[in-house]
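Worksheet: the structure to be examined is printed underneath.
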Amino acid sequence: MTPDFDFGLGETADMIRETTQRFAKERIEPLAAKIDAEDWFPRDELWPAMGELGLHGITVEEEFGGLGLGYLEHVIAQEEIARASASIGLSYGAHSNLCVNQIRRWANPEQKAKYLPKLISGEHVGSLAMSEAGAGSDVVSMTLRAEKTDRGYVLNGTKFWITNAAYADTLVVYAKTGEGSRGITTFLIEKDMPGFSIGQKIDKMGMRGSPTAELVFNDCEVPEENVMGPLNGGVGVLMSGLDYERTVLSGIQLGIMQACLDVVLPYIRERKQFGQAIGHFQLMQAKVADMYVALNSARAYVYAVAKSCDAGKTTRFDAAGAILLASESAVKVSLEAIQALGGAGYTKDWPVERFARDAKLLDIGAGTNEIRRMLIGRELIGA
């Protein structure tokens, strides 16, 4: 185990960490290798149990079945889940933050009462659909269109790269209702709506077991009461959610880095070369020192931004900065973990090769590192 540095996060945060860590160790970690090898999403095995612990509704008010806590606690739960399985961590983040937290922030009381209880209990799985095959970083160029009718809206088009898509019961979906950035609206889509289906399932390098797929809308009829937030105000809904998404998903990378140290430290204490444990060599000590510093540096920034979110003082460029640091650090740490194990690290007998494949996703997802740097640099120079 690595030394515990006290970040002074408070008793509630510490309790969430202890509870989630115990659950993840007992229930998620034993499934992690199978999840990756078989690209298996253990919905029935994990989602209701996580609901019983309150993990799906950490940021949701108690009146809707949530815990009424903050983004700091959400980051910590995200971190401990991803420490056991980054794939489950990704699906958890898409469910609990991208879907549940957006509904909490933007839905009307009737929508919250209808959708939140089953999402929070884990009976239902949630998802968010923003990206398209031709609209990723340039999300305003989306082409999924919603046409007004007497009974509501009819949606036609596709979404791509959608986490949890094939298992989702409720999806937060952005579609064009006009032109430009002021012509996007947010809809709440149910899996059984006529004209809605799952298209191509995507086979990924990493985060296997966190299902990713295409959504297809073919004259999909959506009632007017399923518009979430203001008509043509979807960009505001989307962009405000990205700040919280980036903050919470940063916890995945923290979890991966901790998982790397969980494997490397016992290994270098036991593995012997030249008559002694390889951990006695200064080059190896320097390697794990760098891994440890990378982890706690990222933790300090991510936790600070999460606290800022809870205080209503978050900035878009610091949310981008936190995930930029966490994501690039996790890739480096996971590669160093492979190097520390040598030939063993390059085999599937050890999980560090999985950690590296998983870590790479968040250099790309939730806004690429290039986009994050653009946001930060633009703010710094006042452009």
Side-chain angles (χ1 to χ4, degrees), residues 1-5 20-22 24-40 78-90 203-210 249-299 302 325-365 369:
M1 296 292 289
T2 53
D4 287 329
F5 181 82
T20 311
Q21 186 180 111
R22 185 185 311 113
K25 185 73 175 175
E26 293 175 356
R27 300 288 298 276
I28 301 176
E29 188 177 315
L31 303 177
K34 175 182 170 70
I35 289 168
D36 177 70
E38 299 179 10
D39 200 10
W40 169 55
Q78 177 75 87
E79 178 182 349
E80 293 299 333
I81 291 168
R83 181 180 179 181
S85 167
S87 299
I88 296 303
L90 179 62
D203 190 11
K204 305 188 301 296
M205 175 179 99
M207 294 296 190
R208 296 172 56 78
S210 177
L249 293 185
S250 298
I252 295 174
Q253 304 301 74
L254 303 181
I256 290 173
M257 285 189 275
Q258 182 63 68
C260 288
L261 284 165
D262 291 343
V263 172
V264 169
L265 288 175
Y267 183 87
I268 65 173
R269 291 181 186 126
E270 296 170 8
R271 168 73 167 164
K272 291 186 177 180
Q273 292 287 278
F274 306 104
Q276 60 182 318
I278 62 174
H280 290 162
F281 297 117
Q282 289 180 337
L283 277 173
M284 194 59 70
Q285 292 168 8
K287 191 179 296 294
V288 295
D290 287 345
M291 294 168 69
Y292 175 75
V293 170
L295 168 59
N296 273 354
S297 298
R299 273 179 171 153
V302 172
L325 177 62
S327 121
E328 292 195 339
S329 296
V331 171
K332 292 175 183 176
V333 166
S334 63
L335 292 175
E336 287 286 38
I338 293 173
Q339 192 72 19
L341 269 64
Y346 200 65
T347 71
K348 288 187 177 290
D349 293 334
W350 291 84
V352 288
E353 62 84 28
R354 164 164 53 91
F355 299 160
R357 288 186 286 107
D358 290 345
K360 185 59 185 173
L361 174 71
L362 285 177
D363 275 354
I364 301 165
N369 284 343

(request) Nearest 0.5 Å please: distance from the NZ atom of Lys34 over to the CG atom of Asp36. (result) 12.0 Å
(message) Quick check against the 3.5 Å criterion: does Ser297 have a side-chain atom that pairs as donor or acceptor with the backbone of Ala294?
(response) no
(message) Using 0.5 Å steps for rounding, measure from the CD atom of Gln21 to the CD1 atom of Ile28.
(response) 11.5 Å
(request) Mark yes or no for whether Ser327, through its side chain, and Leu362, through its backbone, hold a donor-acceptor pair below 3.5 Å. (result) yes
(request) Compare every heavy atom of Asp358 with every heavy atom of Met207, then report the nearest pair and how far apart it is. (result) N-OD1, 2.6 Å
(message) With rounding to the nearest 0.5 angstrom, report the CD1 to CZ distance, Ile338 to Phe355.
(response) 10.0 Å
(message) Would the distance check show the side chain of Glu353 and the main-chain N or O of Gly345 forming a donor-acceptor pair, the cut-off being under 3.5 Å?
(response) no
(request) Answer yes or no: is there a donor N or O on one side and an acceptor on the other, between the side chain of Ser334 and the main chain of Val331, under 3.5 Å? (result) yes
(request) Could you tell me the separation between the CD1 atom of Ile256 and the CG atom of Leu295, rounded to the nearest 0.5 Å? (result) 11.5 Å
(message) Assess the residue pair Leu341 and Val263 against the criterion (side chain to side chain contact (heavy atoms under 4.5 Å, CB included)); give the C-alpha distance rounded to whole Å, side-chain angles, the decisive distance to 0.1 Å, and a yes or no.
(response) CA-CA 9 Å; Leu341 269 64; Val263 172; 4.1 Å; yes
(request) Output the distance between atom CE (Met257) and atom CZ (Arg83), rounded to the nearest 0.5 Å. (result) 12.5 Å
(request) Measure the spacing between CZ of Arg27 and CZ of Arg22 and express it to the nearest 0.5 Å. (result) 13.0 Å
(request) Check whether more than 12 heavy atoms from other residues, nucleotides or ligands sit under 6.0 Å from atom NZ of Lys204, and answer yes or no. (result) yes
